[in-house]
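Heavy-atom basis, side chains included; hydrogens, waters and symmetry copies ignored.
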Amino acid sequence: MDAQLDDKALENTLAESLNELVPDTKTVSEDEFAEVVGGALEAVGGTLLFKMCVQNEGEGEHVAAACVGDGGNRQFLLLTLPTAGGALKVETVSRSTNPVAGIAAAYAGLMDAFQAAA
């Protein structure tokens with residue numbers, strides 16, 4: 001099966017489950033973002049890797065990296081939401097142009113190494 005189609009299907013599944021979770025407020029707090037991301041990842045059995053607030057092209061943005069699956073079937077996701085409110089964007093790291101996307105797989109690899117050493 002084409003990996004691009006799998007990625008898109010995963011993104012669509014998450015996006016559909018998020019419609020009800022995105023806050024209607026004008027400014028999105030870190031706690032609200034964490035709640036939305038937690039609900040989305042629960043819907044697909046994903047694991048949060050990290051979250052942060054960054055400036056992207058002059059706009060504040062909440063960013064979370066997550067993974068779904070394990071081993072060779074693990075896929076990395078990037079979830080972004082403007083701090084000023086708006087639509088939550090979900091994309092696989094392989095399709096993302098966000099600068100934070102490159103950190104996700106490296107972070108997961110580091111966590112794998114820490115777990116193996118423990």
* Given the rule that I, L, V, M, F, W and Y join up when any side-chain heavy atoms are under 4.5 Å apart, are Val63 and Met111 in one cluster? -> yes
* To do: Can you sort out the partners of Glu61 under side chain to side chain donor-acceptor pair (under 3.5 Å), two or more places apart, ordered by chain and number?
  => Asn56, Asn98
* Structure fact -> Nearest heavy-atom approach of Gly60 to Gln55 is CA-NE2, 3.6 Å
* Asked: Transitively linked via ILVMFWY side-chain contacts under 4.5 Å: Val90 with Leu81?
  -> yes
* **Closest non-hydrogen atom pair, Ala87 against Pro82** => O-CD, 3.7 Å
* Assess whether side-chain contact (heavy atoms from CB on, under 4.5 Å) is satisfied between His62 and Glu30, documenting all intermediate values. => CA-CA 7 Å; His62 294 289; Glu30 188 173 339; 4.3 Å; yes
* **For the student: nearest non-hydrogen atoms of Phe50 and Ile103, plus distance** => CZ-CG2, 3.8 Å
* Structure fact -> Shortest non-hydrogen pair, Cys53 vs Thr83, comes out as SG-CG2, 3.6 Å
* To do: Identify whether Leu77 and Phe33 are in the same connected component of the hydrophobic contact network (ILVMFWY, side-chain heavy atoms under 4.5 Å).
  => yes
* Hey, could you give me the CD/OG1 distance between Glu91 and Thr97, rounded to the nearest 0.5 Å? => 6.0 Å
* Asked: Are Val68 and Val93 connected in the hydrophobic side-chain network, where two residues link if heavy atoms are under 4.5 Å apart?
  -> no
Distance-only criterion, 3.5 Å: show the donor-acceptor pairs between side-chain atoms of residues 38-46 and protein atoms not counting sequence neighbours.
none

* Do Arg74 and Asp112 come within less than 4.5 Å of each other through their side chains, counting heavy atoms only? -> yes
* **Atom pair CG/CZ of Leu78 and Arg95 - distance to nearest 0.5 Å** => 13.0 Å
* Establish whether Val28 and Met52 are linked, either directly or via other cluster members, by ILVMFWY side-chain heavy-atom contacts under 4.5 Å. => no
* Asked: Leu49 and Ala104: which non-hydrogen atoms are nearest, and at how many Å?
  -> CD1-O, 3.8 Å
